[in-house]
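These notes concern the structure reproduced below.
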Amino acid sequence: MNCFREESNEPHFVLVPLAAQGHLIPMVDIGRILAERGVCVRLIITPANADRIKPIIERTKEANLSIEFVELSFPNVKFGLPPGCESVENIPDLSLFRPFFEAIYSLDEPLEAFLGSLERPPDCMITDMCNGWTGPIARKFGIPRVIFHGPSCFYISTDYNLGCHKVYDSVNDENEYVTVPDFPIKLEVTKAQTPGFFNNPLFEDMRKKCLEEESTADGVMINTFLELEQLFIENYEKKIGKRVWTMGPICLYEKDFEMKVGRGNTEAIDQRHRVLTWLNSRDAASVLYISFGSIAFTNPQQLMEIGNALEASNKPFIWVIKKKEMNPEIEKWITAGFEERTKDRGLIIVGWAPQMIILSHPAVGGFITHCGWNSMLEAISMGVPMITWPRFADQFVNEKLVVEFLRIGVSLGVKDTNYGTEDVVLVKSDDVSKAISALMDGGIEATARRQRSKYFSEKAKKAIEEGGSSYINLTDFIHSFSKPEARYQMKNRY
Ligand code: UDP
């Protein structure tokens, strides 16, 4: 039983997230936020992903929120994917990326059938930027469509400006620095560091489709806030000529401890007491947290370099190692000495960590991150300065925002895109140690960095409070797609 109020006159929005943790987590949060503000929400999901967030789904029912999680079965077998592989981070090898996205694109028929079965069509579709396949369906039913962008606006605007000016058409060396045209600040990037999404000849058709569908959308929603990225938000809004609703940091809306623990994956529920007890025994801002999101892979040699730096730093740490990284070689290395030598000050989490619980604890004073935007925004929200180690997609550009513009991060200086499957050590333990020292050991620069982090955290919290910039945007967003005349105008544009 769900609590969706079929008969109500309240606005009705359908949300179509991309099946990847970094995209699904914020979209589930958006669904809850909208439902709390009186919108009837339907969120499209697949069975394995729904299973992973079961406690969150249960609690939305307990809270009597008008939100239905609509499960569309995922065609694993048809596309040669292993059972349960319904999210990007579970794709076992690179050759299965294309079949995975084909499986996603094949959800168009079941989604169309579902929407066709509804008595009352949705007033708005919020669809992930990577879900170009949803455009024709929204058009068929006359549903206004808003694109949800997962990365920072700094990145989105960079990518947009580079694309509009076809900058890379005349660049042969992908490590050559180019200046981003029409950008509010001088920003230099390389082609190698701005791979974006679907940046592979194999995905050219999907990339084109997403760009086309973005250009005809009714607006854009971004998980950021005005006080953090005003220059870039205004620049982007002007360029695309349509409304940009910034309504983040989305991670801050959830106040309930158990809901924060259950974000993304039930696995973290088992860790919560151990982690909290451990953190409660530490001094304020003394702990370093190390996690590289849901997708990036770190090979055993590279993990050992990180471990050696953590040991040399003498700082308390929480280190997240993914299950898929925990092979016999690294397990042996950890149990044969590392664990014993650091047992008084180190906590290793194998698998999914309750990241929001960790970052929001006052004992946490630094974060080594892969620069996924959710992770960065979570750290910004909590006033935690960062050590940056981007891997792919939008992450190198997010790093530039945090290190060069906001000046709340220390870069490890990684230049190359790295999917983690390559058997290389990109960062030596000495370099990690130096960055840890720069971030955690005090001094004028570190203190100023920490103060700036606190400043943005306060702004972030204000942005989502009643009267704050994101709160106002959210209200405006709901109103824009609630009024019958707005719906009529949008429909007639197609
Ligand atoms: N996350 C988490 N526990 C983990 C790993 C990741 O809760 O052990 C969450 C993290 O808080 C963030 C999301 O997963 O909300 C990862 O998104 P991000 O954009 O940082 O990186 P991606 O996984 O997309 O590369």
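Counting starts at 1 for both ligands and their atoms, in listed order. These numbers come from a predicted model, not from an experiment.
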re atom 23 (O) of ligand 1, the protein heavy-atom contact at minimum distance is S294 OG, 2.5 Å

Determine all donor-acceptor pairs shorter than 3.5 Å in which one atom belongs to a side chain in residues 385-395; sequence neighbours excluded.
residue, atom, partner, partner atom, Å
T388, OG1, E399, OE2, 2.8
T388, OG1, V410, O, 3.4
R391, NH1, F297, O, 3.1
R391, NH2, T298, OG1, 3.0
D394, OD2, N398, ND2, 2.8
Q395, OE1, R391, N, 2.9
Q395, OE1, F392, N, 2.9

Quick check on Q21 - does any of its heavy atoms sit under 4.0 Å from an atom of ligand 1?
no

Check: of Q355, Q271, H23, min heavy-atom distance to atom 10 (C) of ligand 1 comes from Q355

Of all protein heavy atoms, the one nearest atom 15 (O) of ligand 1 is E378 OE2, 2.6 Å

Exactly one candidate in F396, Y160, F232, Y236 meets ring-ring contact (aromatic ring centres under 6.0 Å, His included) with F154; the answer is F232

Sub-4.0 Å heavy-atom contact, H370 with ligand 1: yes

heavy-atom search around atom 13 (C) of ligand 1 in the protein gives I25 CD1, 3.9 Å

task = Indicate yes or no for a side-chain donor-acceptor contact from S152 to the backbone of Y155 under 3.5 Å, with no hydrogens or angles considered.
result = yes

protein heavy-atom neighbour closest to atom 8 (O) of ligand 1 works out as A353 N, 2.8 Å

Checking heavy atoms under 4.0 Å, the part of M356 that sits near ligand 1 is neither

How are the rings of F477 and F13 set to each other: parallel, tilted or perpendicular (split at 30° and 60°)?
perpendicular

closest protein heavy atom to atom 19 (O) of ligand 1 is N374 ND2, 2.8 Å

Counting from 1 in the order shown, the ligand 1 atoms closer than 4.0 Å to a non-hydrogen atom of R263 are 15 (O)

Quick check with a 6.0 Å cut-off and a 45 degree axis cone: is R37 positioned over the face of Y471's six-membered ring?
yes

Closest to atom 24 (O) of ligand 1 among protein heavy atoms sits G22 CA, 3.5 Å

The protein heavy atom nearest to atom 20 (O) of ligand 1 is S375 OG, 2.6 Å

So the atoms of ligand 1 within less than 4.0 Å of a heavy atom of G372 turn out to be 18 (P), 19 (O), 20 (O), 21 (O)

Indicate yes or no for a side-chain donor-acceptor contact from N327 to the backbone of I330 under 3.5 Å, with no hydrogens or angles considered.
yes

Ranking W352, F392, F292, W373 by closest non-hydrogen atom to atom 6 (C) of ligand 1, top hit is W352

For residues 353-385, the ring-ring contact (aromatic ring centres under 6.0 Å, His included) pairs (sequence neighbours left out) are Y289-F367

Between S429 and A309 the two heavy atoms that sit nearest each other are O-CB, 3.4 Å

The single option from E378, Q355, Q21, E254 that satisfies side chain to side chain donor-acceptor pair (under 3.5 Å) with R263 is E378

